Amino acid sequence: MLSLQRIPSSLATTFFEFSVRYDKGGSEKKFGMFGYGDCPLLDMNYSGMVYTIWDLVPAPDKYGYPLSMALSHAYGKGSNLPKLRKAPCLEETLGVS
């Protein structure tokens with residue numbers, strides 16, 4: 001969890017588009033701190049629809065720098081921002097290759 005005691009009230013921990021908007025396409029795909037990788041993690045039933053949950057990969061800015069790193073540097077090197085961790089793909093979990 002983020003520690004907000006050290007963050008001034010003028011800074012927020014929000015970021016427009018946590019993930020890339022693949023559903024909208026076009027220029028909307030330029031937004032988002034994380035994109036979807038190529039590793040399906042699990043299938044989730046939500047209100048009768050089944051959705052595949054994909055792993056996350058850092059999305060780059062227009063210069064190729066990961067946006068998650070830019071956010072981390074904006075809050076300082078000592079900040080306690082969430083970190084991605086490697087998770088097994090669904091096929092690995094089920095023993096399917």
Side-chain angles (χ1 to χ4, degrees):
M1 181 157 206
L2 294 177
S3 173
L4 298 178
Q5 290 102 8
R6 297 184 302 120
I7 299 174
S9 61
S10 61
L11 293 176
T13 56
T14 60
F15 186 87
F16 178 66
E17 298 300 358
F18 179 79
S19 62
V20 174
R21 292 296 306 262
Y22 298 103
D23 60 323
K24 289 188 173 183
S27 64
E28 294 289 332
K29 288 176 65 175
K30 294 180 182 178
F31 300 102
M33 190 177 345
F34 296 102
Y36 301 134
D38 57 2
C39 174
L41 299 177
L42 58 95
D43 290 328
M44 178 184 77
N45 185 323
Y46 180 72
S47 298
M49 298 287 294
V50 176
Y51 299 93
T52 299
I53 306 302
W54 297 90
D55 65 323
L56 296 176
V57 294
D61 65 11
K62 65 182 180 180
Y63 304 107
Y65 192 75
L67 290 170
S68 57
M69 293 288 289
L71 182 66
S72 177
H73 289 150
Y75 282 101
K77 293 186 184 252
S79 64
N80 191 18
L81 291 174
K83 304 236 184 317
L84 295 178
R85 65 179 177 87
K86 179 73 175 140
C89 295
L90 185 59
E91 292 86 6
E92 295 170 18
T93 304
L94 297 175
V96 178
S97 49

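Remember, predicted model here, so these are calculated numbers, not experimental data. Residues: numbered from 1 along the sequence shown.
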Got a list of side-chain donor-acceptor pairs under 3.5 Å for residues 22-30, not counting sequence neighbours?
{"residue": "Tyr22", "atom": "OH", "partner": "Tyr36", "partner atom": "N", "Å": "3.1"}
{"residue": "Asp23", "atom": "OD1", "partner": "Arg21", "partner atom": "NE", "Å": "2.8"}
{"residue": "Asp23", "atom": "OD1", "partner": "Arg21", "partner atom": "NH2", "Å": "3.4"}
{"residue": "Asp23", "atom": "OD2", "partner": "Arg21", "partner atom": "NH2", "Å": "2.7"}

Original post:
Do you know the tightest heavy-atom contact between Phe34 and Ser68?
Top reply: CZ-CB, 3.8 Å
Original post:
Only one of Thr52, Val50, Ile53 clears side chain to side chain contact (heavy atoms under 4.5 Å, CB included) with Met44; which?
Top reply: Ile53
**OP:** Using salt bridge (charged side-chain N to carboxylate O under 4.0 Å, His left out) as the criterion, list what pairs up with Asp43, not counting sequence neighbours.
**Re:** none
**OP:** Would you kindly confirm whether Met33 and Tyr65 end up in one hydrophobic cluster when ILVMFWY residues are joined by side chain heavy atoms under 4.5 Å apart?
**Re:** no
Subject >> Interatomic distance, Leu42 atom CG to Cys89 atom SG [nearest 0.5 angstrom] >> reply: 11.5 Å
